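What follows is one structure encoded as structure tokens, with my remarks underneath.
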Amino acid sequence: MKRSLAIALLLQGCGGAMSALEPAGPYAARLESLWWFFFWITIVPAAVVIGFALYAVRSARPDRPAAADGRFLAIGTVLPLVVITVMFVRSMAVSNEVKGVPSTPADLRIEVIGHQFWFEVRYPDHRVVTATEVHVPVGSEVELRVTSADVIHSFWIPQAQGKIDMIPGHRNAIRLRVDEPGTYRGICTEFCGVQHALMGLLLVAHPAEAFDAWILAQQRDTSADATSPGARHFERWCVECHAIRGAFPAGATGSPGPDLTHLATRRTLGSATLANNRGNLGGWILDPQPLKPGVRMPASPLSPAELHELLDYLESLR
Ligand code: CUA
């Protein structure tokens, strides 16, 4: 009873929104089955070896010194070799499958670029650039290409795909597919600096029509009023680092920070750490450092009136 309680408590840590043991698509399911395969193929030989050890301890007698037994030596050498070889072969096969080799044609291509400390998301065939949210149609075969703009990051949405490194100057590819509509959480899994632990993202899986509507909306330039007072504050404080398509006659094309063309449609701020609402956005603009120490965005000393005008403008970026 006590033991089963302990195991239940131990397994509790594996549940929840970011569990590779709760796959929502075929690639994550392949990795889940590999996980269980590794679990059993290591647990069973471990139990056998511990069984032998206990047997040896029980049958040992002080008056009869133990003699080296060739059979046990053979088991101790051959068994690990077999287990490790089987694990290697099986993991290589699954690794190729989750990368889409041999290749099945993809329905959609998505590029994700790691930055300190956020994910840029591009749809190269649709002329869409966004951040922190990867939107996909349910049941679609997605080719995910990843790279980095600065240091090594790693991209992982445990319920949807295998973990993949984002390496500067190099492109890695992996497959992603989700068969159940919903929102899934992902995270950076390579230490990339002080904000590594809070470098999150969301995967939103829509039914096909809802995805088409989303991508159409994202393709449009913003309709926000570029002559409003808030737009002037944006030009003064934000334009060096953030892009807004269609914002100004010359366009806002700053690149170190996330593209804000459709900021108001996003669910979160600061790489999926804060809900996207007026209070959080205001606090973030005035001084993001207390919210995410180490974030690259500086504080902006706006007066309360200016802040509200800027917030009005940012909240109109739909
Ligand atoms: Cu990016 Cu850790």
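What you are looking at is a predicted structure, and each value in this text was computed from that prediction instead of being measured. Numbering of ligands and ligand atoms starts at 1, following listing order.
- H170 and N172 make their closest contact through NE2-OD1, 3.1 Å (heavy atoms, listed as atom of the first residue, atom of the second, distance).
- Ring-plane geometry between W35 and F39 is classed as parallel, the angle between the planes falling under 30 degrees on a 0 to 90 degree scale with a further cut at 60.
- Clustering of Ile, Leu, Val, Met, Phe, Trp and Tyr by side-chain heavy atoms under 4.5 Å joins I152 with I167.
- If you chain together hydrophobic residues whose side chains sit under 4.5 Å apart, W118 and L203 never meet in one group.
- In this pair, F211 and H206 present their aromatic rings tilted. The plane angle is within the 30 to 60° band.
- For the pair R109 and Y123, the NZ or CZ position fails the cation-pi test of under 6.0 Å to the six-membered ring centre and within 45 degrees of the ring normal.
- Protein atoms of type N, O or S found under 2.8 Å from atom 1 (Cu) of ligand 1 total 4.
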